[in-house]
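Have a look at the structure below, then the notes.
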Amino acid sequence: MMRALYSSVSGLRTHQTKMDVIGNNIANVNTVGFKSSRTTFSTMMYQTTSYASGANAATGKGGVNAKQIGLGTSFASTAIDIDTGGASESTGKAFDLKLSDTNSTSFYIVNNGTENVFTRAGAFYVDGAGNLCMESTGYTVMGWQVDANGNIRKDTVSPLKIMDAGNQTSQPEYTTKARCTGILDDNNSNVNSNEGYRLNLNFFDNLGYSYTALFAAQLTGEEEGGHNVYTVNLTDIQDANGKSILTADGKGLGDLFGGGQGSNVYITDNYKVANGMGNALTKLANTDTIETGENGDRTRTFHFTSDQVNQWFAPNGKTDRLPSGLRVDLKVPVDEQGNNAIPDDLSGLDLEVYDSNGTKVDISSLNWINAGEADGDTKPVAENAFKTTTVKGKLKEMIDNGVLKATTIGEGADAETVYKLETTTIKELYDEFQPKAPSGDGADPVPERVNGDMYVRVDENGEITLDWVTENAEGDAFKTWLTDAGYTDYLSDHLEDGYVILPTDQVNDLGIFTTDIPKDAEVRYTYGKNGAWSYEIVTPGADGYKLYFNTADGSLDYIGSTGKMTQTLRLSEIATEGNPFSDIEIDFSTIKNLGNGATNTAAMSNGDGKGDGKGKKVGTLIGLSVDQSGKIYGSYSNGNTTLLGQIAVARFANASGLESIGSNCYRTTMNSGEFDGIGVEMDSDGSSIDSGTLEMSNVDLATEFTTMITTQRGYQANSRVISTSDSILEELVNLKR
């Protein structure tokens, strides 16, 4: 009877243990990555009361089985259901990671400060030191690092510090490619203006600083071989603060984007007169004050350097030169209106030379520079200081260079040799000179005479006149000079008007503008009647390229020369050493010349059609992501995506043999297999890591509740055996009564 009691006691104990396991399973029904366990029982020893005997052939007696009485049950094992995955919970957090196994069970490798342990719980976060850690314990997640070439180095696992100082920013890239797209419309007012239609190209240097290259497109209207022609000029390059980076001692516009096909584009608005500089031309003289001498003569002083004066005199073969670093003052007479009154014979011009301390230098021995000498050797100084380009001078230059061809008009005694101005040439002259009309004269409009032509006449003395000619009313072959009928026109009435071309080094040295202008830009100053002063800054004619559009469909046939659809902004020319820029190849192949309601849509953008070569500024880290192989990428504000590391996983021959150490972690045992310290890539067997998802517990409540019922019944039955045995013992005791 005592055997039944003790057997039932063992049954109670094992069922209680089983209930403990069931209780732990149910308690962890919502624990991330939890794996349920099950229990198994085994019988305890058996008491043999009679051993088995074999059959006896001699006696014909059969064999007898042994008589054994079991002495209860024992707790045999717990088995973890490690291979069954839990349900997926979507969280949307980048570092909530679920291991989706295909063939074998994988584990994250985490370090608790003393050893590597393993977990299925993928709820991670980035701690204050930038390490990827378990949310629940702070254990650091282990993986592989990135080498200097940006490749994963699959050696011993180490903590994934994905937000260290080196990962906070992404390297910038300089711009290498660009595009010009959209429509240029002939009727747009900008393409027909002196300033042109502005096209801006934003680009980056290799340090991530941004710049803007300013271009201007102008319609020339020429039809060359069935083409409508535009010019596109580089007008400036500015930094992010709007300051030009092209200086007089550096490369010019024509050096960077010059094909010898450009036009003089007005870029005056790109540069501002320095605060307090007043009138630009007056400031070029470096004085606001007109000096009045004892005899009432009034003069204005212009300052030059001795190097400039030496340069001017060098072509004249003078051997005596002023020492470098001196200041040369040229005093110019001024009339009652404050205008410079330079006499034809240059009399009254005085030169004085000063050293860097302001002490006057004796130049009496240098007869060639003494304004009082009769040989007039000061003339080169005056000519360079006040060299004026006029309408007449421009026409004479065109005739001398063969630009204007001689033709004959009229017949018989009225026949005359003249030089015809083509429409485009007339427009160029108006654009260049009419804006320089002295204040108060008015700017005569460009005549629109479809039946008229403009001709240049040169008399026997070489004197140039300019007139419009038209058919007379009777349609005779002879021409009528419109000026004879009182017709006036700016070009013909202002042949002597022009402008002063001032050296850019002088303009920059004196700080007339808030930023230096390019060395090959042309500063045209006009000083004229009634004290009117004005200036324009224009690009060189060597700057820019021609765009040849097909008049049949408006597409671009080529830019610059046949077969070319791209041109290069040669930024590598800016500096020979330490140049932060790369040449930028600009693709013009998709720009079109179409009627678009007088609206231009043409624009420049960095990068080619695929977005390559755009260039990038320095990027700041704005996001992190994990792909299915466990690679961790950083996203940056400049559009870069950089590989920061990779999560490695561990796999074991017998994952169920791992020892659970709490906190959702496991440790290797002699029966699980060892970890090699390196790990494997998650997708090596087709498995994956799912970002934004967590693996929940694999506890099946239906199974647990069913098992709990059978466990309860087993426990209850064992308790009944004890109570029944007790009753039997009680009856046995009662026999004595």
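Since the structure is predicted, the reported quantities are computational estimates derived from the model, not experimental observations. Scope of the values below: all heavy atoms of this structure, side chains included, with no hydrogens, waters or symmetry mates.
Across D101 and S106, no two heavy atoms sit closer than the pair OD1-OG, 3.0 Å. Taking each heavy atom of L571 and N579 in turn, the nearest pair found is O-ND2, 3.0 Å. Here the closest heavy-atom approach between residue G611 and residue K614 is recorded as O-CG, 3.1 Å. Closest of all the heavy-atom pairs between R651 and M682 is NH2-O, 2.9 Å.
In this structure a side-chain-to-backbone donor-acceptor pair under 3.5 Å is present from N112 to T114. Formation of a donor-acceptor pair under 3.5 Å by the T710 side chain with backbone atoms of T707 is found in this model. Using a distance-only test at 3.5 Å, with no hydrogens or angles considered, a donor-acceptor pair links the side chain of T119 to the main chain of A121. T175 contributes a side-chain N or O that, together with a main-chain N or O of F204, makes up a donor-acceptor pair within less than 3.5 Å. Under a 3.5 Å cut-off, the side chain of D583 and the backbone N or O of S572 do form a donor-acceptor pair. At distances below 3.5 Å, not a single donor-acceptor pair connects side-chain atoms of Y174 with backbone N or O atoms of G613. One N or O on the side chain of N698 and one on the backbone of T84 form a donor-acceptor pair closer than 3.5 Å. In this structure, the side chain of N131 does not engage the main chain of C133 through any donor-acceptor pair within 3.5 Å. Under the 3.5 Å distance criterion, the side-chain polar atoms of D127 are matched with a main-chain donor or acceptor of G130. Under a 3.5 Å cut-off, the side chain of D608 and the backbone N or O of K610 do form a donor-acceptor pair.
Side chain to side chain, N671 and T669 fail the donor-acceptor criterion of an N or O pair below 3.5 Å. For Q716 and R713, the side-chain atoms include at least one donor-acceptor pair closer than 3.5 Å. In this model, no donor atom of one side chain and acceptor atom of the other lie less than 3.5 Å apart for N200 and T212. For the residue pair S672 / N654, no side-chain donor-acceptor distance below 3.5 Å is found, with atom types taken as modelled. A donor-acceptor pair shorter than 3.5 Å cannot be found between the side chains of D185 and N596. With hydrogens and angles left out, the side-chain atoms of T620 and S637 include a donor and acceptor closer than 3.5 Å. D236 and S244 share a donor-acceptor pair across their side chains, judged by distance under 3.5 Å alone. T642 and N640 are not linked by any side-chain donor-acceptor pair at a separation below 3.5 angstrom, with hydrogens and angles left out of the test. Side chains of T40 and S77: a donor-acceptor N/O pair is present below 3.5 angstrom, by distance only. In summary, the side chains of S88 and E695 do not present any donor paired with an acceptor at a separation below 3.5 Å, with no hydrogens or angles considered. Defined by atom type and a distance below 3.5 Å, a donor-acceptor pair is missing between the side-chain atoms of T693 and D690.
Between I622 and Y636, every side-chain heavy-atom pair lies at or beyond the 4.5 Å cut-off. The shortest side-chain heavy-atom distance between W144 and E681 falls under the 4.5 Å cut-off. Looking at Y197 and L184, their side chains come closer than 4.5 Å, going by heavy atoms from C-beta outward. Using a 4.5 Å heavy-atom threshold, the side chains of I559 and Q567 count as touching. When side chains are defined from C-beta on, L643 does not count as touching I632, because their heavy atoms never get closer than 4.5 Å. Put simply, the side chain of F34 reaches to within 4.5 Å of the side chain of N25, judged on heavy atoms. In this structure the side chain of N638 never reaches within 4.5 angstrom of the side chain of V618, judged on heavy atoms. The shortest side-chain heavy-atom distance between I152 and V146 falls under the 4.5 Å cut-off.
Comment: K617 does not engage E173 in a salt bridge, judged by the lack of any side-chain N to carboxylate O separation of less than 4.0 angstrom. Of the charged side-chain nitrogens involved, at least one lies within less than 4.0 Å of a carboxylate oxygen, so that R667 and E115 count as a salt-bridged pair. Under the 4.0 Å criterion applied to side-chain N and carboxylate O atoms, R570 and E585 are not assigned as salt-bridge partners.
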Quick one: do S42 and S74 satisfy side chain to side chain donor-acceptor pair (under 3.5 Å)? Show the steps, please.
-> CA-CA 5 Å; S42 65; S74 66; 2.9 Å; yes

So E659 and T668, side chain to side chain donor-acceptor pair (under 3.5 Å) or not? Walk me through it.
-> CA-CA 6 Å; E659 175 190 355; T668 59; over 6 Å; no

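Aromatic ring centres of Y211 and F203: separated by under 6.0 Å. A centroid separation of 6.0 Å or more is found between the aromatic rings of Y558 and F588.
Of the candidates T73, N718, T43, T73 is the only one forming a side chain to side chain contact (heavy atoms under 4.5 Å, CB included) with S10.
Residues passing the ring pair (Phe, Tyr, Trp, His ring centres under 6.0 Å) test with F675, sequence neighbours excluded: F118.
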